[in-house]
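Side-chain atoms are counted along with the backbone in the values below, which use heavy atoms only and exclude waters and symmetry mates. Position 1 is the first residue of the sequence, and the numbers go up from there.
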Amino acid sequence: MAWFAKPIIFISHFYKENTMQFPHSWLTQHANPNLSPDQLAHLLTMAGLEVEETAPAAPAFSGVVVAEVKSVEKHPDADRLNVTQVDAGTGELLQIVCGAPNVRVGAKVPCALAGAVLPENFKIKPTKMRGVESNGMLCSAKELGNDDGVNGLLILPDDAPVGMNIRDYLDLDDTLFTLKITPNRADCLSIKGIAREVAALTGCDFRQPEIKAMPVSSAKTQAVKIAAPDDCGVFFTRVIEGVNARAASPAWLVQRLARCGIRSVSALVDIGNYVMLEIGQPMHVFDADKLSGCLTVRRAQNDETLACLNDKTVELSDNTLVVADEAAALSIAGLMGGEASAVSDDTQNIVLESAWFAPDIIAGKSRQYGFGSDSSFRFERGVDTQIQRDAIERASELVLQICGGAAGEIVSAAGRQPENHTVNVRTSRVAKILGVDIGAARIGEILRGLGLQPEASADGFTVRSPSFRFDIEIEADLIEEIARVHGYENIPDDRTSGKLAMLALPETRRSRAAVYRKMAERGFQEVVSYAFVNEDWERDFAANESPVRLQNPLAAQYSVMRSTLIGGLIEILQNNLNRKQSRVRVFEIARIFRDETAHGQPERIGALVYGSALPEQWGAAARAADFYDVKADVESLLAGKTAEFVRMEHPALHPGRSAEIRVDGAAVGFIGELHPQWLQKYDLPQAALVFELDMAAVLACEKVRYQAVSKFQPARRDLAFVLSEAVSYAELEGSLKTVRSPLIREIALFDVYRGAGLPENTKSMAVKIILQSDSETLTDEAVEPIVAKLIAAAEGVGAKLR
């Protein structure tokens, strides 16, 4: 049996943006370097075409052969089981009990013989099912490692050879390659392009896909014109009459598409996808009977709408190129077709379209309209300008072969195409840049292998960039091509030498690693969030009505740059709560963006605390984290500095539970509890606490100074002051610190009291004063004058000794 008549199963890989997936077997039909899949993957990766993944076309299994069902009888004791007699090429019929609904006499199916090992190490043994002996298993696609959506056995073609190993019959030992294609290598988004690359890298023969001119047997044509010549370089159409749109795609075509990550839809759609994968030209198929007059490539009008094939209706803008007839826009050029002109099972006459659209007019439309396609992925990177007629002929051949019909003349219209660049490359320059003398003969061989058709010049070669390589513009581009084909591994690495010395970190600057360690010690985990954020976050958390806007956002919800880290931390908190994490302590070190200048992009450290203060345990009672827990975290980060916490109003924070953080009188950040209105809006069950600090302030530190520990006992005095509720401890502490004395070593609050015995709207704050001398034991005569000065200083904020 010929390979192309085989059905396809076992594919689970699907298209991902910026990748190209293909089977090894298809590639080797056009360029076969006699390398193993692993060797080929290494070669491509080292040449700049990164192989992201290689995977088998089917999981491992053994002992499965093609079998023919000879008889089917109902099981005597089970309504849903059948007893079959099967010819598996063993010389005698095998009795197998089968529960598949589609089992029938004459069907060719996969049969797992006794001793077979199916995926996930499932072993087949002779057994009895409801008292009837069964010597094997008839298999569905799912049982062989892939769910093809069919409820029943995998039915093979009638000419499948009985007894043949199913892996050989279905070519299941094939390898699937997934290449990560960089934006400049659009030429490698097809089998033709990759084969050309492999031939250049290995020197093997490159066999281009065969293109045959189809005989014209219909007088029907489709007129076209280009009203936007700068956006569309060429536009081809061909009418094919009398097609059978209900014809099934042949198994070989379905297999090729599936192994490239594309699901089969219908024969006409599959043919367009196949040509795109084979030679790199995206195509579209119109129902000819749904068109009105001439097809025109033009810019859309602002009031136009289009119902697309993906069930989305979009409002078009005048920066969008469309294909339209005399009645309305039919498709977004290079992106998506319209529902009104789409082919269906009832289609009888079709128009094949093959065009070249300028990358600039297609780029960005996927984001603009919220969806992309395989076609837009190729057009926005650049399609070969010389393959549009080839694509029409190749698609016509497949349509006539699979769906029948009569083909008309090819009609075309021309716009402006990009000019090819003439580029000179000097052999002396190649040697200087690469550090190795490759030689003119080898350089010429490499350039010819890449299809660049070099002509010898005085000191090298002159190349006219081909239509499939938009990225060849300057000499450096050619040197890069020479280097990667010659092989980076073949360039000696002994041409450079040098010594790198570690720079000493200034004593007045803390290392970034120390900050990360400190946060880890405090129980925080680092997170990373997007720098571009939802505009609502800027209004809610920063009261910022004029954020830095992105000209080309990835999505509508990421349209501005952040001026605070709070939004990203809240989003991460929400994700954790959705996953039942009740205690969250996270931090992020990143830049914020106040304006477009470098000065307006300071680095900040932000942190969020939510839930209990301590992990769940038996040794301490559970309590929610509060302002003072987070204040301790900030003080730990700013250790060695005198941090002040001054009451403030902040749009993100609770009005009475927020403070500005100051160091040496300068504001360096803020701290507080999230505002109750944001708890409600962002669906947070309880309060979250946040802080944000300038990294410059965190990294700065005082030069270390050493001081001997005093051997004399300290003296302690406790002072309780009655003061107004409106006076904070920071204000009281500030007044006490105005008393300057080398004997004062510590001033700290240890008790706050409100209640009986105090006047209304007042509170009592008890402060400990530690005094110590380095030269003598302190006496009351030395201590009491200082204490008196402290009491007098406290009166400056209205405090009275209790």
More than 12 heavy atoms from other groups under 6.0 Å of CG on D536: yes

Evaluate the ring planes of F532 and Y530, with Trp represented by its six-membered ring, and classify them as parallel (under 30°), tilted (30 to 60°) or perpendicular (over 60°). parallel

Does the D270 side chain pair with the main chain of V265, one donor and one acceptor, at a distance under 3.5 Å? yes

State whether E588 and R562 are salt-bridged, where the test is any N-O pair (Lys NZ or Arg NE/NH1/NH2 against Asp/Glu carboxylate O) under 4.0 Å. yes

Do the side chains of V224 and S412 get nearer than 4.5 Å, heavy atoms only? no

What verdict does the side chain to side chain donor-acceptor pair (under 3.5 Å) test give for E538 and S546, after you've listed the backbone C-alpha separation in whole Å, the side-chain angles of each residue and the deciding distance to 0.1 Å? CA-CA 9 Å; E538 284 298 294; S546 301; over 6 Å; no

One should read off an interatomic distance between R238 CZ and S218 OG, to the nearest 0.5 angstrom, of 10.0 Å

Is there a donor-acceptor contact under 3.5 Å from the side chain of S376 to the main chain of G372? no

Identify the heavy atoms of N319 and I361 that sit nearest to each other, and give their distance. O-CD1, 3.5 Å

Are any of the side-chain heavy atoms of V269 and S266 separated by less than 4.5 Å? yes

Would you say the side-chain atoms of D477 pair up with the backbone N or O of I474, donor to acceptor, closer than 3.5 Å? yes

Please name the pair of heavy atoms, one in A342 and one in T347, separated by the smallest distance, quoted to 0.1 Å. O-OG1, 4.5 Å

What distance do Q601 atom CD and M561 atom CE have between them, rounded to the nearest 0.5 Å? 7.5 Å

E52/K180 ion pair, N-O < 4.0 Å: yes

Ionic contact status for D346 with R246, cut-off 4.0 Å: yes

Can you tell me how far apart CG (L335) and OG (S366) are? Round to the nearest 0.5 Å. 5.0 Å

Determine whether Q21 and I262 make a side-chain contact, defined as any pair of heavy atoms from C-beta on separated by less than 4.5 Å. no

Would you say M283 and Q388 make side-chain contact, with heavy atoms under 4.5 Å? no

Below 4.5 Å, heavy atoms only, C-beta onward: do P23 and D174 meet side chain to side chain? yes

Give the minimum heavy-atom separation between A247 and A267, together with the two atoms involved. O-CB, 3.3 Å

Show your working on side-chain contact (heavy atoms from CB on, under 4.5 Å) between F22 and L179 and close with a plain yes or no. CA-CA 9 Å; F22 62 90; L179 267 60; 3.5 Å; yes

Check R539 with E535, please: is the shortest side-chain N to carboxylate O separation under 4.0 Å? yes

Got a donor-acceptor contact below 3.5 angstrom from the W356 side chain to the V383 backbone? yes

The single option from L268, V351, I350 that satisfies side-chain contact (heavy atoms from CB on, under 4.5 Å) with I240 is I350

So V243 and L400, do their side chains get closer than 4.5 Å, heavy atoms only? no

Atom pair CD1 (I387) and CD1 (I392), whose distance is rounded to the nearest 0.5 Å: 12.0 Å

With no hydrogens and no angle check, is any side-chain donor or acceptor of N349 less than 3.5 Å from a backbone partner on D289? no

Between V322 and R299, is a side-chain contact (heavy atoms from CB on, under 4.5 Å) present by the stated rule, with each step listed? CA-CA 6 Å; V322 298; R299 291 290 185 99; over 6 Å; no

Are the side chain of T45 and the backbone N or O of H42 linked by a donor-acceptor pair below 3.5 Å? no

Just how far is it from atom OG of S563 to atom CH2 of W537, taken to the nearest 0.5 Å? 12.5 Å

Pairwise side-chain contact, V198 with F206, heavy-atom cut-off 4.5 Å (strictly under): no

R259 to F177 six-membered ring, cation-pi geometry met (6.0 Å, 45°): no

For Q281 and L277, indicate whether the former's side chain and the latter's backbone hold a donor-acceptor pair under 3.5 Å. no

Establish, yes or no, whether a centroid distance under 6.0 Å links the rings of W26 and Y274. yes

Taking NZ, NE, NH1 and NH2 as the nitrogens, is one of them in E197 or R185 under 4.0 Å from a carboxylate oxygen of the other? yes

What are the two closest non-hydrogen atoms of E315 and T305, and how far apart are they? CA-CG2, 4.2 Å

Around atom CD of E473, are there more than 12 heavy atoms from other residues, nucleotides or ligands closer than 6.0 Å? yes

I need the L330 CG to L291 CG distance, nearest 0.5 Å. 6.0 Å

How close do R381 and L189 get, heavy atom to heavy atom, and via which atoms? CD-CD1, 4.2 Å

Closest approach of L550 and Y558, non-hydrogen atoms and distance? CD1-O, 3.2 Å

Side chain to side chain donor-acceptor pair (under 3.5 Å) evaluation trace for S467 with D384: CA-CA 5 Å; S467 58; D384 188 344; 2.4 Å; yes

As a test of understanding, state which of R389, Q222, M214 forms a side-chain contact (heavy atoms from CB on, under 4.5 Å) with I410. R389

Sidechain N-carboxylate O distance under 4.0 Å for R298, E304: yes

Please assess E409 against K220 for the test salt bridge (charged side-chain N to carboxylate O under 4.0 Å, His left out), listing each intermediate value before the final yes or no. CA-CA 7 Å; E409 289 279 0; K220 184 75 172 177; over 6 Å; no

Start with the C-alpha gap between E571 and S529, add the side-chain angles, then the distance that decides, and say whether side chain to side chain donor-acceptor pair (under 3.5 Å) holds. CA-CA 9 Å; E571 183 179 46; S529 63; over 6 Å; no

In sequence, state the C-alpha distance, the side-chain angles, and the governing distance for V323 and T296, and then conclude on side-chain contact (heavy atoms from CB on, under 4.5 Å). CA-CA 6 Å; V323 178; T296 302; over 6 Å; no

Salt-bridge test for R394 and E278: reply yes if a basic N is under 4.0 Å from a carboxylate O, no otherwise. yes

List for me each residue that meets ring-ring contact (aromatic ring centres under 6.0 Å, His included) alongside F236, sequence neighbours excluded, and say none if there are none. none

With no hydrogens and no angle check, is any side-chain donor or acceptor of E326 less than 3.5 Å from a backbone partner on C294? yes

Examine distances only and state if a side-chain atom of H284 and a backbone atom of E353 form a donor-acceptor pair shorter than 3.5 Å. no

Taking atom CD of Q348 as the centre, does the number of heavy atoms from other residues, nucleotides or ligands within less than 6.0 Å exceed 12? no

Tell me whether D325 contacts the main-chain N or O of S292 through its side chain, where contact means a donor paired with an acceptor under 3.5 Å. yes

For R378 and M276, run side-chain contact (heavy atoms from CB on, under 4.5 Å): C-alpha distance rounded to whole Å, both residues' side-chain angles, the deciding distance at 0.1 Å, then the answer. CA-CA 9 Å; R378 286 163 172 79; M276 177 186 68; 3.7 Å; yes

